Amino acid sequence: MIKAQRGTKDIFGDEVATWQWIFENAKKTFQNADFTEIKTPIFEATELFNRGVGDSTDIVNKEMYTFKVGGAEKNETSITLRPENTAGVVRSFIEHNLNRQSPPQKFWYFGPMFRYERPQAGRQRQFHQAGIELFGIKEPTADAEVIMLAVDFLNALGLNNLTVELNTLGCNKCKNEYKESIKKVLLPYLEELCDDCKMRYKKNPLRILDCKNENCQKIFEIKEIKEIILKDYVCDECREHFTELQSYLDNLNIKYTINKMLVRGLDYYNRTVFEIKSEALGSQSAVCGGGRYDGLVEMLGGTPTPAIGFAMGVERLYTLVDKVAPKKNDFFIVSNNSNEAIKLARKLRLKNKRASFDLQKRKFAKQLEKASKTAKYAIILGEDEINENYYSLKNLATGEQKAIKTFEELLNLS
RNA sequence: GCGGGUAUCGCCAAGUGGUUAAGGCCCCGGAUUGUGGUUCCGGUAUACGUGGGUUCGAGUCCCACUACCCGCCCCA
C-alpha cells in the first residue's frame, strides 16, 4: 500500500468546507484592499532561495526540497520546491518589470509550500501559506496597511484573541551597528552560550536574541548586556518610521506589543518586523509572520524597491477557527425515471442550484432516505407527477410536501 | 538532528499467552414494490503497522524497523 508521504496530508471530506471558507475570506479581505492574486510556480531555481531567503537560515541550510532535473547530458538545473513565497513573488516582480507600473503594486497568494522538517502539531512538510506582498512604498502607511490586513483577515476568521508583536530592526546601517554592539558585549560570554548561539554569533548574531535556551536567557539578563539589547540603535529616520507606524496602529485601534527580541529567521527583513501569535497553538505559536524587505528586490537583480509583506500558516489557522459544517444540497430528485431526473437536475444546476439524483435506480424509500441525509428539499418526480405535469416538493426538515406547477415556482420556493 | 509516546475494519474501540478477534458509528439490504430522518432485523469488510524471535500456542511477551503523534530546534 502506497501511503501519503510523511508530513503530507489529504484534505477531503468535512475539512474541505473550512478550507474553502478560509480561502474565500482571504480572497475577499485582500481583494477588497486592492491586492490581486498572484500564482507563481511551485518550484524555482535553487539559487533564488539561496540568495533570497538567505544562506544563514535553517530553511536554506537544511529544509529545502532540492533536486536536479534535465539529465546528465543536458544542462542540469538545480530546482527547489518553494519553502516560502516572498522570493518567488519578488522574482516575478523583477522578471515582468512590474516596477514600471504605478506603485503600490499589491499581490496576495494562497498555496502550498515545502520544508523538510520533523512534522508535529501545526507543522507539515507540505503546508499552505496565505500572504500578501506590497511593493514600491517606503512610507509607514504601507506597514500599517499590511498589518491591518493581517488583523482584519484573522478577525474575519473569528480569531480575535491573538497578540500582535512588533519590532524594528532598523535599516541596514542601524542593523549593522546593533549587530556589532551585540557581538562586542557578548564576546566575553561566548563560551557560555549554547552551541547554536555560537554558530549564530558568526553567521547571524541577531538571531541569538531568538534563543530559548535557559542559560542563554540568563546571560541576556546580565545588566550590561540587557542594556545593549534594549538600547535603540535605530537612526532618526528609522525611529520616525516606527513611531509613525505605531500612531497609525493606535489610530486603527490595533493592539500590539513591542518585542525587542523579535528578530525573525529570514535574512531579508529590515525595519518593521511583526508576528501574530496564539497561545492555543503550543510551541508552533506563530500564525503570521512578516516585515519589511526593502533590500530584497535589488539584491535579486531588480531596481531598488521598498516592500513589505506577511505570510500565514493555513494549517495553523485551521486548528484555531471554528469549523464550518458542509452545506447540504438544495435538491435531491427522487424518481424512478432516470431520463426525467437527469434532465431536471441539469436544469436546476444551470440555474445555480445544487442538485443531485439517484444513479442506481434504487427503491423509492431508499432514495428519500438519501435525500433526507444530503439535501434540504426532495423533488418527487414519479409517474403521477410526470403524467400530470407537476412536481412534488418536500421540505425534508419539516416533512411538509406540496404540489408545484412550474419550474420557476420551484426555484423561488427553495 | 535530539528526546518521549502510540500503532486492532473507513472512524471510534474491547482485548492483559489459550476455540472462529467483541461492540459502536458509517455503509448496504430487509421489515415498509410511492414517503425519509425514529425503531427492529440482517449483511459486507484483505483490521491486529512491517520483519524476525520466544512458545505446544502470540493482537497480547522480546528485538529491530517503519509510520504517526508530542516536545526541543526552527519556522507560518
Side-chain angles (χ1 to χ4, degrees), chain A residues 1-10 12-14 53 56-64 83-86 110-131 150 154 194-197 199-200 204 207 210-214 216 263-266 274-278 281-291 309-320 328 332 334-337 360-386 392-401:
Chain A
M1 161 99 72
I2 298 171
K3 293 189 189 160
Q5 291 299 287
R6 181 165 205 200
T8 70
K9 189 177 177 316
D10 300 312
F12 67 99
D14 287 350
V53 178
S56 79
T57 63
D58 281 359
I59 291 176
V60 167
N61 283 320
K62 49 185 194 193
E63 295 174 4
M64 295 213 298
E84 56 97 56
N85 208 28
T86 298
F110 190 112
M113 308 293 158
F114 305 84
R115 293 182 199 174
Y116 188 79
E117 299 179 271
R118 282 288 289 266
Q120 60 181 274
R123 184 198 289 160
Q124 298 275 315
R125 288 180 174 181
Q126 175 173 345
F127 62 105
H128 296 75
Q129 286 189 334
L154 295 167
C194 69
D195 290 347
D196 284 336
C197 280
M199 287 292 293
R200 292 176 183 134
N204 193 348
R207 295 276 304 288
D210 262 345
C211 188
K212 277 133 202 150
N213 181 295
E214 254 181 62
C216 295
V263 169
R264 304 206 38 76
L266 284 64
F274 64 99
E275 275 184 13
I276 303 180
K277 293 181 177 177
S278 164
L281 282 173
S283 62
Q284 269 67 42
S285 63
V287 291
C288 174
F310 67 71
M312 301 210 191
V314 181
E315 279 77 1
R316 291 179 190 179
L317 295 176
Y318 183 91
T319 65
L320 292 174
K328 286 194 165 182
F332 188 95
V334 174
S335 176
N336 290 318
N337 186 325
Q360 303 172 83
K361 294 215 158 93
R362 294 204 288 183
K363 286 170 35 178
F364 186 90
K366 289 296 171 191
Q367 290 194 29
L368 201 54
E369 186 183 338
K370 179 81 171 175
S372 74
K373 283 176 182 166
T374 59
K376 294 176 215 156
Y377 291 92
I379 299 173
I380 296 166
L381 203 54
E383 278 178 38
D384 292 352
E385 284 84 355
I386 293 168
S392 291
L393 180 71
K394 187 180 180 76
N395 182 324
L396 292 162
T398 63
E400 184 190 358
Q401 181 171 330

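A note on names: the letters A, B, ... follow the listed sequences, proteins ahead of strands, and every chain is numbered from 1. The model shown is predicted, which means the values in this text are computed figures rather than measured ones.
Here the P atom of nucleotide B/A76 and the OH atom of A/Tyr116 are 20 Å apart, to the nearest Å. To the nearest angstrom, C1' of B/C27 lies 11 Å from CD of A/Glu369. Between A/Met113 atom CE and B/A76 atom P there is a gap of 11 Å when expressed in whole angstrom units. Between the CZ atom of A/Phe364 and the C1' atom of B/G34 there is a distance of 4 Å, given to the nearest Å. Summarising the geometry, the separation between CD on A/Glu117 and C1' on B/G71 is reported as 15 Å, rounded to the nearest angstrom. Distance NZ (A/Lys370) to C1' (B/C26): 12 Å, rounded to an integer number of Å. Atom P of nucleotide B/G34 and atom CD of A/Gln367 are separated by 10 Å, given to the nearest angstrom. Rounded to a whole Å, the OH atom of A/Tyr377 is 16 Å from the C1' atom of B/G37.
Mapping A/Leu396 and A/Gly7 onto RNA chain B via the closest heavy atom, the residue that lands nearer the 5' end is A/Leu396. Between A/Ile380 and A/Gly290, the one whose closest nucleotide on RNA chain B sits nearer the 5' end is A/Ile380.
The residue A/Glu84 sits apart from the nucleic acid: no heavy atom pair falls under 4.0 Å. As judged by a 4.0 angstrom heavy-atom cut-off over every strand, A/Glu383 is placed among the base-contacting residues. Note on A/Gly122: a base of the nucleic acid sits closer than 4.0 angstrom, heavy atoms only. Within 4.0 Å of A/Asp384, counting heavy atoms only, lies at least one base atom of the nucleic acid. A/Gly289 comes within 4.0 angstrom of the backbone, heavy atoms only, and of no base. Counting any heavy atom pair closer than 4.0 Å across all strands shown, A/Phe127 reaches a base atom. At a threshold of 4.0 angstrom between heavy atoms, the contacts of A/Gly13 with the nucleic acid are absent. A/Gln401 comes within contact range of at least one nucleobase, with a heavy-atom separation under 4.0 Å. Residue A/Gln360 is classed as having no contact, given no heavy-atom separation below 4.0 Å to the nucleic acid. Contacts of A/Ala397 with the nucleic acid, taken as non-hydrogen atoms under 4.0 Å apart, include base atoms. Contacts of A/Ala365 with the nucleic acid, taken as non-hydrogen atoms under 4.0 Å apart, involve only primed sugar atoms and P, OP1 or OP2. If you check every strand for non-hydrogen atoms under 4.0 Å, A/Lys394 touches a base. Residue contacts shown for A/Pro119 are limited to sugar-phosphate atoms, with no base heavy atom under 4.0 Å away. Residue contacts for A/Gly399: at a heavy-atom cut-off of 4.0 Å it reaches a base atom on one of the strands shown.
Contact of the A/Leu154 side chain with the A/Leu317 side chain is registered, since non-hydrogen atoms from C-beta on lie closer than 4.5 Å. By the 4.5 Å heavy-atom criterion applied to side chains, A/Met312 and A/Cys288 are counted as neighbours.
At least one donor-acceptor pair under 3.5 Å links the side chain of A/Arg316 to the backbone N or O of A/Gly122. One N or O on the side chain of A/Arg125 and one on the backbone of A/Glu117 form a donor-acceptor pair closer than 3.5 Å. When atom types are taken as modelled, the side chain of A/Glu315 and the backbone of A/His128 share a donor-acceptor pair closer than 3.5 angstrom. Judged purely by atom type and a 3.5 angstrom limit, A/Glu385 uses its side chain to pair as donor or acceptor with the backbone of A/Gly382. The backbone N or O of A/Arg362 lies less than 3.5 Å from no partner atom in the side chain of A/Gln360, so there is not a single donor-acceptor pair.
Taking atom C1' in both B/G37 and B/U32, the straight-line distance is 15 Å, to the nearest Å. Going from the C1' atom of B/A45 to that of B/G71 covers 38 Å, rounded to whole Å. Separation of the C1' atoms belonging to B/A47 and B/G10 is 11 Å when rounded to the nearest angstrom. Comparing the same atom, P, in B/A7 and in B/C73 gives a spacing of 28 Å after rounding to whole Å. Of the C1' atoms belonging to B/A14 and B/A21, the separation is 10 Å, rounded to the nearest Å. Here the separation of B/G5 from B/C27, taken at their P atoms, is 39 Å to the nearest Å. Nucleotides B/C61 and B/U55 are separated by 10 Å at their C1' atoms, to the nearest Å. B/U39 and B/G24 have their P atoms separated by 13 Å, with the value rounded to a whole Å.
Here the nucleotide nearest the side chain of A/Lys366, chosen from B/G29, B/G34, B/G36, is B/G29. For A/Ser372, counting side-chain heavy atoms from C-beta on, the closest listed nucleotide (B/C69, B/G36, B/A76) is B/G36. Checking B/G36, B/G71, B/G34 against every side-chain atom of A/Ala121, the shortest atom distance belongs to B/G71.
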Wobble G-U and Watson-Crick pairs count when both distances are under 3.5 Å; given that, what is the 5' to 3' dot-bracket string of RNA chain B, with | for pairing to other strands?
((((((((.[[[..)..(....]]].(((((.......))))).....[[[[[..)....]]]]])))))))....
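Below the 3.5 angstrom threshold, one finds a donor paired with an acceptor across the side chain of A/Arg118 and the base of B/G3. Within 3.5 Å, no donor on the side chain of A/Lys363 pairs with an acceptor on the base of B/U33, nor the reverse.
In terms of heavy atoms, A/Tyr377 sits closest to A/Asn395 at CD2-CA, 3.8 Å. Nearest heavy atoms, A/Ser335 versus A/Leu381: OG-O, 2.7 Å. Nearest heavy atoms, A/Gln124 versus A/Gly7: OE1-O, 2.9 Å. Across all non-hydrogen atoms, the minimal contact from A/Gln367 to A/Asn336 is NE2-OD1, 3.5 Å. Taking all atoms of both residues into account, the shortest heavy-atom contact from A/Lys328 to A/Ser372 is NZ-O, 3.3 Å.
Between A/Gln120 and B/G71 there is a side-chain polar atom (N or O) within less than 4.0 angstrom of OP1 or OP2.
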Using a 4.0 Å heavy-atom cut-off, write out nucleotides 38-44 of chain B from 5' to 3' as B (base contacted by protein), S (sugar-phosphate only) or - (no contact).
-------
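Heavy atoms of other residues, nucleotides or ligands lying less than 6.0 angstrom from CD of A/Gln120 number more than 12.
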